[in-house]
Amino acid sequence: MRDLPKTFDHLEAEPRLYREQEEAGLFKPAGEGEPFSIVIPPPNVTGSLHVGHALNNTLQDILCRYRRRQGRKVLWQYGVDHAGIATQMVVERQMAERQEPHRRDIGREAFVQKVWEWKAESGGMIKNQLKRLGASCDWSRERFTMDEGLSAAVRKVFVQLYREGLIYRDKRLVNWDPKFQTAISDLEVENREVNGKMWHFAYPLEDGEVDGIKEIVIATTRPETMLGDGAVAVHPDDERYKNLIGKKVRLPIVDRLIPIIADEYPDPELGTGAVKITGAHDFNDFEVAKRHDIPLIVLMDEEARIIATEENGVPERFHKLDRFEARERVVKEIEELGLLRGIEDKLIMQPFGDRSGVVIEPMLTDQWYVDAKTLAGPAIEAVNSGRTKFVPENWSKTYFNWMDNIEPWCISRQLWWGHRIPVWYGPDGTPFCAEDEAEAHRLATEHYDGEAVDLVQDSDVLDTWFSSALWPFSTLGWPEDTEELREFYPTAVLSTAFDIIFFWVARMMMMAMHFMGEVPFRTVYIHALVRDEHGQKMSKSKGNVVDPIEYMDEFGADPLRFTLASQATQGRDLSLSKQRVEGYRNFRTKLWNAARFLQLRSVPITDEEIDPHTFELPLNRWIAHEGAKMAGEVSRALDDFRFDEAASAIYQFAWGTFCDWYLELSKPILDEGDEAAQAETRKAMGAALKTILICLEPFMPFVTRELYHAMNEGKKTIDDQRWPASSFADDGAAGEIAAAIALISEIRSARTEVNVPVAAKLELVAVDAPDQVKALLDAQAPAIKRLARIETITHASEPPKGSVQIVSGGVTYALPVADVIDLKAEMERLAKAIGKTEGELKKANGKLSNERFVANAPAEVVEQERERVAAFTAELEQLQAAKARIEAL
RNA sequence: GGUCGCGUAGCUCAGCGGUAGAGCACUCGCUUCACACGCGAGUGGUCACUGGUUCGAUCCCAGUCGCGACCA
């Protein structure tokens, strides 16, 4: 044993203990056990640890460490993704800060080179933060989505899907980010409610007046788009416009005739019931325009500036105007034309790019798409058939909901950082999709009848999620047929927050089913989102962002981990408060001090397999019983992903059972017991601590390790230990110690309530105790005396006059306190106890007197109620007798 | 508007047909020889509301009110 310092210095110890584990190679898959694998949801290469990562990775780490203790061969696959937009943005910003030339000036190749340099320098931050947290990933297997192997997987997947017709090029509306000048995913768009306006414009009818109507008034929140209107739509059942359908209106400013069409889309209740249709700049309008073959008129360039072209007929004066300037200009001109019919303030939903923060523009562009609908089929089936399970189960609904309504997946991005689309174009624009340029040339040569031509590669890159979708198998070596793939695929668990079920689960499932023919993970564990202590979503603007690093600085990684685990319930939200972390820091300290107590009493941890069946003392059998029960509860809870229940079971046992009772009850034995009893108690105590440390290690890997190795007298380390057995049980010993604890608690409580001075040592008189109780009192006398401050334990047939009386386990006990008794307090105490017992009795009797209860309730419930009545009746009688004796004084 | 979820102790949350729980906070004691980041004893709840099912509802069902998230 090595002497434990008075306190645990987490700032010194945690890095040291981490290094120790890492250097010992503990994080690599080992042994011959059944494989257990988790792929980390790859953090962004630009990322730094936020509290959501802390939660997710703590939970994954708990699972991995727990399974290692069970002898499983564990692989926790680490890696990061290249985060196309985010990374390009970071590097561009850095270049701007350094006043370096813009990326367009240095060219694609040089820019990509710069990104790699940036990655080498700054891309490893989150890894070190995860290490601080204690994450036991196999760092030696780190992967990056832009690695050669993973890139080869991307190319292979693209080419195959292309050849299967599941990847195609299409002209559709996309979410266009004018700042980054790229398409972005729906999921990267944040819809926010903002104060906007609704403008009402009048479009004059071509034919002057029809049925007394000269114009149609439309309402819009985006006046500038009227320049691209291709039609005005009204509901077919809208009486107001029935006669106008098929007629034309003259579009002001542009002076174009556009038709009035009938479509279900306009809501007659809203506004005037007539809507303008701008097919090229609005998602709903796009659908309407397609249905009616309305021309799609493109109004803007990549920076969302208005362009005036021959095709779109926009007047030259609008050319290169920013969309918001154009808006003012349009409104002004409409007003000047006398066609402005009103302006109202309105809350409108506006789409913003989640990274750029600018208003997203629906744009008609050529992009590459994956036929997600086709790929979704097997992915849905995999969850339907239970081959992949969601925990908690109801998240599968969200998954199905998303999958059932899945849209074509736009995978091209107008960026430089990412996997370049493996398509080359011939001089006439014919595409050749191939895994490399040489193959593309072969295809081209074949196509052009042997003629060698110049090919130009598509300039776009793929969505980051295209490569991330392959993560569960590409990290294991696919498309090569590797040992790891055979051993660790499918993985056991994917752990993630519900807000990215779509990002992650859906895409990984689709790709895995298509290319592996097997699910990527058996279980999808969905954890809550971390919020602040008031349940508010954390956001930088609110300033309530919790930095896990700060908590680790102040309290250490162990308490943070334990807090997160104990809060990981099945709910959607998790409120993290500093006080809670502090509370579990206290728990760590409690454990530390308990270990110091063991040291003081020369109790080590040994390699010896201690069989509790050999224990003679009920106290030791009891702690073994309770320890085994706890270990069983923790395993069951972890098997069910109930991290909160697991944490609670350990906490209760370590603090509530081991420290509060076992250590206290064992003190008299260690002080005064005979040699055999002392030896046995030391053994049991060491074994109990060992159980705690092993079960707690997945949650608090640092302090448990430090304690284990300081206390260890054997050759084995905590890493050589297996998860504790949960088979031992001794209900007899458990009952005996529970009875002693109940009695001690009753005595303590009574003492306090009648204001017996703390230091006063009392006599305990057991009244008419049966032999069994006498034996128990005899056996537990030293403990009762010490913990309840009792001088002597005697027996009598009547309580001495002037006693405080308590009823415990069906026996009346008296504490003669003649001169110190507070009669009033004692009366109140007994009255309260009587009242409570009466209440219970009444409730139980009420049930039993209900014929239908007796007839319908299960027999054991009725029997239980009868037993309760008997017990309460006896207790009530004893309490009333006690009260009568006080009254007689 | 659609979908999902939530209203349990002052706060943050478990529980979920048969005796209401935890942590923190709060109150009162305590320099008890591991620990004041502690020890001991307590206070605190018509389990949102209204109906229904049931022998029995905090738990199941329906509705109402309030809150939230996601999707339109």
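Every chain is numbered from 1, with letters handed out A, B, ... down the list of sequences.
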Scan nucleotides 2-7 of chain B nucleotide by nucleotide, 5' to 3', and note B when protein non-hydrogen atoms come under 4.0 Å of the base, S if they reach only the sugar-phosphate, - if neither.
--BS--

Looking at residues at least two apart in the chain, or sitting in another chain, which of them share a side-chain contact (heavy atoms from CB on, under 4.5 Å) with A:Ala647?
A:Phe562, A:Ser566, A:Phe699

To the nearest angstrom, the CG-P distance between A:Leu598 and B:C35 comes to 14 Å

If the threshold is 4.0 Å, N to carboxylate O, is there a salt bridge linking A:Lys290 and A:Asp285?
no

Within the structure, does a side-chain N or O atom of A:Lys843 lie under 4.0 Å from either OP1 or OP2 of B:A20?
yes

Range-with-range stems of RNA chain B (Watson-Crick or G-U pairs under 3.5 Å, three or more in a row)
B:1-7 with B:65-71, B:10-13 with B:21-24, B:26-30 with B:38-42, B:48-52 with B:60-64

Check the distance between B:U54's P and A:Lys847's NZ and give it to me in whole angstrom.
18 Å

With the threshold set at 4.0 Å, does a side-chain nitrogen-carboxylate oxygen contact exist between A:Glu407 and A:Arg172?
yes

Counting only side-chain N and O atoms of A:Ser749, is one of them less than 4.0 Å from OP1 or OP2 of B:G42?
yes

Is there a side-chain contact between A:Asn856 and the phosphate of B:C55, meaning an N or O under 4.0 Å from OP1 or OP2?
yes

Cation-pi, A:Phe555 ring and A:Lys578 (6.0 angstrom, 45 degrees)
no

With a 4.0 Å limit, can you tell me whether A:Arg751 has a side-chain N or O closer than that to the phosphate oxygens OP1/OP2 of B:G42?
no

Where along residues 655-662 of chain A does a heavy atom come under 4.0 Å from RNA chain B, residue by residue in number order?
A:Trp655, A:Cys659, A:Asp660

Hey, does the side chain of A:Lys667 come within less than 4.0 Å of B:A34's phosphate (OP1/OP2), counting only N and O?
yes

Please list residues of residues 550-562 of chain A whose heavy atoms come under 4.0 Å from any atom in RNA chain B, ordered by number; otherwise none.
none

Residues passing the side-chain contact (heavy atoms from CB on, under 4.5 Å) test with A:Ser749, sequence neighbours excluded, are A:Glu753

Check whether any side-chain N or O of A:Lys832 sits under 4.0 Å from OP1 or OP2 of B:U43, and answer yes or no.
yes

Should A:Lys836 be listed as having a side-chain N or O under 4.0 Å from OP1 or OP2 of B:U19?
no

For A:Glu851, is the CD atom crowded, meaning more than 12 foreign heavy atoms sit under 6.0 Å from it?
no

Looking only at side-chain atoms of A:Arg748, point me to the closest of B:G23, B:A41, B:G38.
B:A41

